[in-house]
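These figures come from a predicted structure and were not determined experimentally.
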Amino acid sequence: MSGEKLNAEERLVALLWSTVPGVGPAMWRRLFETCRREQIELFASWRQPAQLACLREKPALLLAQQGVAARFTPHSYAEWLAEQAIEYLLAEDDAYPHLLKQVRHYPFVLYARGQLSLLAHPLPIAVVGTRQMTTYGAQATRALTSDLVQSGALIVSGFMYGVDVAAHRAALDAGGATLAVLGFGFNRFFPRTHEQLHRQLLQSETLFLSPFAPEIEALPGNFP
C-alpha cells in the first residue's frame with residue numbers, strides 16, 4: 001500500500017479486514033487505496049463497507065464482512081488475539097521480513113507466536129523436503145540440521161509432517177533457533193499431533209508465523 005503509514009486505529013481495521021473470507025492481498029490493497037482515493041475513513045469502511053466503490057458489486061464479500069462484524073469490532077479482535085498470545089505484523093512494519101516483500105502478492109498481515117526478534121536473525125536457512133520421508137531422509141535431515149545449528153543458522157521450515165517437523169525437532173534437540181511458517185491459523189493446527197510439539201517449541205528459541213487468521217483451516221491452497 002502506498003502513502004503514509006496507518007495510525008493505531010487504522011491498523012486495527014486493517015487487521016480485522018484480514019479475517020474476512022475473500023479478502024486476499026490484492027483485495028486488501030484495493031480496499032485501502034479506495035479509502036484514500038474516496039477520502040473515506042478506514043473505520044467508516046468497516047462500519048459501512050458498501051460505500052466503497054470496489055465492494056458495491058461484491059455481495060458475497062459484503063455478506064462475509066457482516067459475519068465477521070457480528071462477532072468482532074476492530075478493538076475486540078485485537079484484545080482476543082492478545083488473550084491467546086498471538087501478535088501480528090502489518091506489511092508496513094519495519095520488522096516485517098523484507099525478502100517476503102519480493103513476492104508479488106505478499107501477505108499484508110502476519111500472525112505470530114514466539115520470539116519476534118528472530119525475524120532479524122542474520123542467517124536464516126530453510127530446510128524443506130518430502131512429506132514421505134524415508135529412514136535415511138530422517139537421518140540426513142537430522143545431521144544436516146544439527147550442523148547448520150552449530151554454524152549459527154536459524155532453521156526455517158513449514159511445520160508439516162516429514163522433513164519439516166524433522167528439521168524443527170533436530171534444531172530443538174541441538175539447542176538452536178527455529179522459525180515455523182504455517183499454512184493455517186493458530187487455532188486450526190494440522191495435523192493435530194503437532195500441537196504438543198508447538199507448545200514444546202514455544203518454550204525454546206522459536207517463532208511461529210502464519211499469514212492466516214487463527215480460525216483458518218489447513219486447506220490445500222494455503223501452502224504455497
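- Under the side chain to side chain donor-acceptor pair (under 3.5 Å) criterion, Thr141 pairs with no residue, sequence neighbours left out.
- Every ring pair (Phe, Tyr, Trp, His ring centres under 6.0 Å) that Phe208 has, sequence neighbours left out, goes to Phe159, His198.
- Not counting sequence neighbours, Ser117 has no partner by the side chain to side chain donor-acceptor pair (under 3.5 Å) test.
- Taking the side chain to side chain donor-acceptor pair (under 3.5 Å) definition, one finds that Gln84 meets it with Asn187, sequence neighbours left out.
- Residues forming a side chain to side chain donor-acceptor pair (under 3.5 Å) with Thr130 (at least two apart in sequence, or on another chain): none.
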Under 3.5 Å, which donor-acceptor pairs link side chains of residues 172-181 to any protein atom two or more places apart or in another chain?
unit_1, atom_1, unit_2, atom_2, d
Asp173, OD2, Arg142, NH1, 3.2
Asp173, OD2, Arg142, NH2, 2.9
Thr178, OG1, Ile155, O, 3.1
Thr178, OG1, His168, ND1, 2.6

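- For the pair Arg29 and Phe108, the cation does not sit on the ring face, since its NZ or CZ is not both under 6.0 Å from the ring centre and inside 45° of the axis.
- Sorted by first then second residue, the salt bridge (charged side-chain N to carboxylate O under 4.0 Å, His left out) pairs that include residues 152-171, not counting sequence neighbours, number zero.
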Quick one: side chains of residues 17-27, donor-acceptor pairs under 3.5 Å with protein atoms, not counting sequence neighbours, listed by atom name and distance.
unit_1, atom_1, unit_2, atom_2, d
Ser18, OG, Leu15, O, 2.4
Ser18, OG, Tyr111, OH, 2.8
Thr19, OG1, Leu16, O, 2.7

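- Under the ring pair (Phe, Tyr, Trp, His ring centres under 6.0 Å) criterion, the residue pairs touching residues 79-104 are Phe72-Trp80, Tyr77-Trp80, with sequence neighbours excluded.
- Evaluation of the salt bridge (Lys or Arg N to Asp or Glu O under 4.0 Å) rule for Glu87 yields no partner, not counting sequence neighbours.
- For residues 42-63, no pair satisfies salt bridge (charged side-chain N to carboxylate O under 4.0 Å, His left out), with sequence neighbours left out.
- Judged as a salt bridge (Lys or Arg N to Asp or Glu O under 4.0 Å), and not counting sequence neighbours, the contacts of Glu195 are Arg192.
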